[in-house]
Amino acid sequence: MARVAAFPQVFDNSPLNDYPVPQVRNIDGGTLITSQGTNAFILAPHPNDTEELKKTLEFFGNATTIAANDIAAAAKDRHPARMYEAAFEITVRIMRRPFKELVSALINQKQTAQNDLRKLFEAHTVIASRAAAIANSLLAMDANQVMTRVPSMSADQLATLLNLRNLIALPDDMWRSVEMKYVVAANFDGERTLGATQFAKKPSLEEPAASGVDKGQLANWVEARMALLEATEARVSEISTMLQRYCAVVAATTDKQPFEIWAALYE
């Protein structure tokens, strides 16, 4: 009886489900994609996102589902050994544009937030002789002494302190407090125009001779603006992590490294 030649290894009968097909599940707030124990939560747009970010997040989310489904469909009639390269080609073809557009929108969001912070907290110019005297006084103190004086500082003192950020070691949360107090003090002292226009006191029945700046309203506005800017920074960080996790999932389905996926999708 003639012997039947063995099939070459590349044509063996390994089941097609040996390939780690990515699993997609819609849950509240986005889509969960999983492969070989690695997962990425693809975020849905948030009401506070910019219109550009909402559009690109939606585009990215839809594309990730299409790519995962196309990979699953391809795995039905391909040998597992050939699926890794096929999955890579499918991912790059479908995801390159939405990936690049989302990264661009994220950079724009971050730069906008940084510009808002810069405009809000940029210290006014203090007369040189006064700035020198204030700086010498501040530099003679230790950090604890500076912190105890911040609540009663004038706009000029706070502006000078902000310009000494690299020379005086204060905790990050204290620097944020200095920035917020500066905006209120600068407008209250007439160094900036926001308070004189948006929060100017107006005569009323309760206070017929009212004038100047409503310091309480101004402080509340600054606090709300800071909260919004901090939320923007947190959102940028959240989406950045999502992109990193997505590259890790794609790496698991393509037998590559996350940095190779980033290079293929963005660079």
Side-chain angles (χ1 to χ4, degrees), residues 15-114 228-267:
L16 294 181
N17 60 10
D18 279 359
Y19 174 73
V21 175
Q23 303 297 311
V24 179
R25 184 160 59 97
N26 293 324
I27 56 178
D28 290 343
T31 303
L32 185 66
I33 299 182
T34 305
S35 179
Q36 297 198 99
T38 303
N39 61 70
F41 184 62
I42 308 303
L43 297 163
H46 188 277
N48 291 336
D49 292 336
T50 62
E51 289 305 313
E52 180 191 22
L53 194 55
K54 287 178 184 177
K55 179 180 177 182
T56 52
L57 270 174
E58 184 174 6
F59 184 26
F60 182 82
N62 291 337
T64 57
T65 300
I66 293 170
N69 290 340
D70 280 11
I71 290 171
K76 292 178 180 179
D77 56 7
R78 278 184 175 85
H79 189 278
R82 298 175 178 173
M83 265 309 301
Y84 290 99
E85 190 59 35
F88 180 73
E89 292 172 357
I90 290 169
T91 300
V92 173
R93 172 170 52 82
I94 295 175
M95 293 302 303
R96 186 170 172 80
R97 179 184 165 197
F99 194 94
K100 288 176 70 72
E101 289 188 5
L102 179 55
V103 172
S104 177
L106 195 62
I107 291 172
N108 290 341
Q109 180 91 331
K110 180 179 179 179
Q111 290 178 340
T112 297
Q114 290 175 337
L228 178 60
L229 291 170
E230 288 173 357
T232 298
E233 291 175 347
R235 182 64 168 167
V236 168
S237 176
E238 184 181 32
I239 296 173
S240 296
T241 299
M242 178 198 75
L243 290 169
Q244 292 169 338
R245 295 299 305 165
Y246 180 72
C247 286
V249 169
V250 174
T253 64
T254 60
D255 196 28
K256 294 183 181 295
Q257 295 297 316
F259 73 86
E260 294 177 287
I261 303 305
W262 176 273
L265 295 179
Y266 181 71
E267 296 177 2

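Numbers for residues simply follow the sequence, beginning at 1. Side chains are part of it too, since the values below use all heavy atoms of this structure and drop only hydrogens, waters and symmetry mates.
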Exercise. So, for Ile90 and Ala67, which heavy atoms are closest and what is the spacing to 0.1 Å?
Worked result: CG2-O, 4.0 Å
Problem set entry | Heavy-atom closest pair, residues Ala113 and Thr232 | CB-CG2, 3.7 Å
Exercise. Any donor and acceptor pair, going by atom type alone, linking the side chain of Tyr19 with main-chain N or O of Thr253 inside 3.5 Å?
Worked result: yes
Seminar exercise, completed: Sorted by chain and residue number, the salt bridge (Lys or Arg N to Asp or Glu O under 4.0 Å) partners of Glu58 (sequence neighbours excluded) come out as none
Problem set entry | From CD (Glu89) to CE (Met83), nearest 0.5 Å | 10.0 Å
Problem set entry | Nearest heavy-atom neighbours spanning Leu106 and Leu53 | N-CD1, 4.4 Å
For this session: Output the distance between atom CD1 (Ile239) and atom OG1 (Thr56), rounded to the nearest 0.5 Å.
Result: 7.5 Å
Exercise. Looking at side-chain heavy atoms only, is the closest gap between Met242 and Leu57 below 4.5 Å?
Worked result: yes
For this session: Not counting sequence neighbours, list each pair that qualifies as a side-chain hydrogen bond (donor to acceptor under 3.5 Å, both in side chains) and has a residue in residues 21-45.
Result: Asn26-Thr31
Problem set entry | Sequence-distant partners of Lys256, side chain to side chain contact (heavy atoms under 4.5 Å, CB included), two or more places apart | Glu85, Phe88, Thr254, Glu260, Ile261
For residues 92-104, which side-chain donor-acceptor pairs fall under 3.5 Å, sequence neighbours excluded?
from: Arg96; atom 1: NH1; to: Ala264; atom 2: O; distance (Å): 2.5
from: Arg96; atom 1: NH1; to: Glu267; atom 2: O; distance (Å): 3.3
from: Arg96; atom 1: NH2; to: Glu267; atom 2: O; distance (Å): 2.8
from: Arg97; atom 1: NE; to: Glu101; atom 2: OE2; distance (Å): 2.9
from: Lys100; atom 1: NZ; to: Tyr266; atom 2: O; distance (Å): 2.7

Exercise. Going by the ring-ring contact (aromatic ring centres under 6.0 Å, His included) test, which pairs reach into residues 38-70, not counting sequence neighbours?
Worked result: Phe60-Tyr246
Problem set entry | Residues which pass side-chain hydrogen bond (donor to acceptor under 3.5 Å, both in side chains) with Glu52, listed by chain and number, not counting sequence neighbours | Asn108
Exercise. By side-chain hydrogen bond (donor to acceptor under 3.5 Å, both in side chains), which residues pair with Asn48, not counting sequence neighbours?
Worked result: none
Problem set entry | Sequence neighbours excluded, every pair satisfying salt bridge (charged side-chain N to carboxylate O under 4.0 Å, His left out) that has a member inside residues 34-51 | Asp49-Arg235, Glu51-Lys54
Problem set entry | Donor-acceptor contact below 3.5 Å, side chain Thr91 vs main chain Ala87 | yes
